[in-house]
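Labels below follow one simple rule: chain letters A, B, ... track the order of the sequence lines, proteins then strands, and each chain is numbered from 1. Everything quoted here is computed from the prediction, not taken from an experiment.
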Amino acid sequence: MPEGPEVETVRRTLEPHLTGRGIRSVRVLLPRIIRRPDPEDFRAGLAGGRVHGVLRRGKYLVLDLGERGRLVVHLMMSGQLVWAARPEAAAEHTRVVLGLDDGSELRMVDARTLGGLWLLGPEEAGPRGLERLGADPIAEGVDAALWRRRFAGRRAPIKALLLDQAVVAGVGNIYADEALFAARIHPATEAGRLGADPIERLARAVEDVMREAVAHRGTTLRSYADGEGQPGGHGPHLMVYGRTGQSCRLCGESIVKIKVAGRGTHLCSRCQPSPWQELPGAGAESRAPGAKRP
DNA sequence: GAGGGCCTGAAG
DNA sequence: CTTCAGGCCCTC
């Protein structure tokens, strides 16, 4: 579910409630969602700790526990982290509950159970994905010159690279499609064939799309809610994602959905023409992706 | 680089 | 019933 803008919204809504709070109790209702250490050590190591700050790295949330280390949470497709002033009747799909020293509680809720939690010591490395994150467009922006060097020679579709968290941190399926639309680039374009100009447009588009989504507190399609249980307001601003069959807001063409890099992919075929169809003197057949070079 | 697996729920 | 879903990881 949540991409960078949604996780950032969760971070912002949790920060005032959690900062400075002591963790009084830890209940683990689904042990296999605890990735490290084993659930009993997790519980014992977390209880009695204190939250010094709430950080985000890409799509990971990080509770800084001071000398006790940090609690890392990944929400994956369907996870939520929700704070409540008073313990509430166990919401469905609640997996972990932290009781805080002001009587409030923090619940990790996850219908599909794909999410994960790691309790790390102060010097302990986190999961691989966390240690290999690329630049964060929300926090730092994107370096187009770096992208140009990284994309050179790559035959992967540009969308696959946008979804690679080691290339850009926090971009997911929604904002990859939205950024490619804003940059007028077909998602299946081989990354190595993009010129300096389109790459610059794409870098700016990723920053703009992600920051605008944060300003609207994220996109709620199904289950996403922020740290106070509120849905995001960016949905009505989406240009292509989830708009299959509707007309392009810029040119009126019907939005189509295809599969790229194994993911459902939305685009406007007029605003984002296929690069191989535009090649002069080459039929679409002979230059289609996967076709052998003449 | 593509494809499948992980899980569950919702939609077609 | 089948297919699909805001993600990531592992295998061919």
Side-chain angles (χ1 to χ4, degrees), chain A residues 1-11 29-33 35-36 56-61 72-81 91-95 108-118 126-134 137-138 150-151 153-180 187-193 206 209-210 213-214 216-226 231-235 237-238 240-245 257-266 289-291:
Chain A
M1 143 261 268
E3 306 183 21
E6 288 73 38
V7 179
E8 175 61 18
T9 305
V10 172
R11 189 199 70 74
L29 297 123
L30 181 73
R32 68 177 163 76
I33 210 163
R35 307 294 183 84
R36 213 197 298 170
R56 178 187 61 85
R57 297 284 178 263
K59 298 174 193 171
Y60 293 85
L61 265 172
V72 174
V73 182
H74 199 303
L75 300 172
M76 289 295 267
M77 297 287 266
S78 59
Q80 302 176 7
L81 265 186
E92 207 181 0
H93 308 310
T94 298
R95 309 307 183 188
M108 199 279 188
V109 179
D110 186 2
R112 290 175 66 181
T113 74
L114 296 172
L117 298 90
W118 296 256
R128 253 227 260 298
L130 177 61
E131 301 299 334
R132 289 188 184 174
L133 290 174
I138 298 169
R150 264 194 107 154
F151 294 175
R154 297 290 302 269
R155 301 204 60 182
I158 181 59
K159 175 161 176 178
L161 296 197
L162 286 183
L163 292 174
D164 182 346
Q165 301 299 295
V167 173
V168 227
V171 176
N173 209 31
I174 294 177
Y175 301 117
D177 285 4
E178 293 295 311
L180 286 162
T189 309
E190 287 180 16
R193 293 188 46 193
V206 167
V209 161
M210 301 278 277
V214 170
H216 293 133
R217 307 167 54 85
T219 303
T220 296
L221 299 175
R222 313 178 164 69
S223 59
Y224 167 71
D226 69 20
H234 188 67
H237 300 272
L238 295 176
V240 288
Y241 192 91
R243 300 193 65 246
T244 313
K257 184 177 178 189
I258 61 175
K259 193 150 242 177
V260 178
R263 312 290 301 273
T265 298
H266 311 74

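Checking side-chain atoms of Glu3(A) against main-chain N and O of Gly172(A) turns up a donor-acceptor pair under 3.5 Å.
Checked options Arg217(A), Glu6(A), Gln80(A); the residue passing with Asp226(A) is Arg217(A) (criterion: side-chain contact (heavy atoms from CB on, under 4.5 Å)).
When the side chain to side chain contact (heavy atoms under 4.5 Å, CB included) test is applied to Arg243(A), the partners found at least two apart in sequence or on another chain are Gln246(A), Arg249(A), Ile255(A).
Within the structure, every side-chain polar atom (N or O) of Lys259(A) is placed at least 4.0 Å from both OP1 and OP2 of dA2(B). Contact between the side-chain N/O atoms of Arg263(A) and the OP1/OP2 oxygens of dC4(C) is not found at any separation under 4.0 Å. Under 4.0 angstrom from either OP1 or OP2 of dC8(C) there lies at least one side-chain N or O belonging to Gln165(A). Not one side-chain nitrogen or oxygen of Lys159(A) sits closer than 4.0 Å to the OP1 or OP2 atom of dG1(B).
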Practice item. Going 5' to 3' through nucleotides 7-12 of chain B, assign each nucleotide B (protein heavy atom under 4.0 Å from a base atom), S (under 4.0 Å only from sugar-phosphate atoms) or - (no protein heavy atom that close). Key: BBS---

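The CG-P distance, from Leu221(A) to dA5(C), rounds to 11 Å in whole Å. Put simply, CG on Leu238(A) is 15 Å from C1' on dA5(C), counting in whole angstrom units.
In secondary-structure terms, DNA chain B builds stems of at least 3 consecutive Watson-Crick or G-U pairs, each pair having both distances under 3.5 Å, at B:1-6 with C:7-12, B:8-12 with C:1-5.
Residues Val72(A) and Leu61(A) have side chains not in contact (no heavy-atom distance under 4.5 Å, counting atoms from C-beta outward). You'll find the side chain of Leu75(A) stays beyond 4.5 Å of the side chain of Tyr224(A), heavy atoms only. Between Tyr241(A) and Asn173(A), some side-chain heavy-atom pair lies under the 4.5 Å cut-off.
Within 4.0 Å (heavy atoms only), Arg35(A) reaches no atom of the nucleic acid at all. At a threshold of 4.0 angstrom between heavy atoms, the contacts of Gly262(A) with the nucleic acid are absent.
Between Lys159(A) and Asp177(A) a salt bridge is recorded (basic side-chain N to carboxylate O distance below 4.0 Å).
Side-chain atoms of Tyr175(A) and Thr219(A) include a donor-acceptor pair closer than 3.5 Å.
Side chain of Arg128(A), nearest nucleotide from dC8(C), dC10(C), dG1(B): dC10(C).
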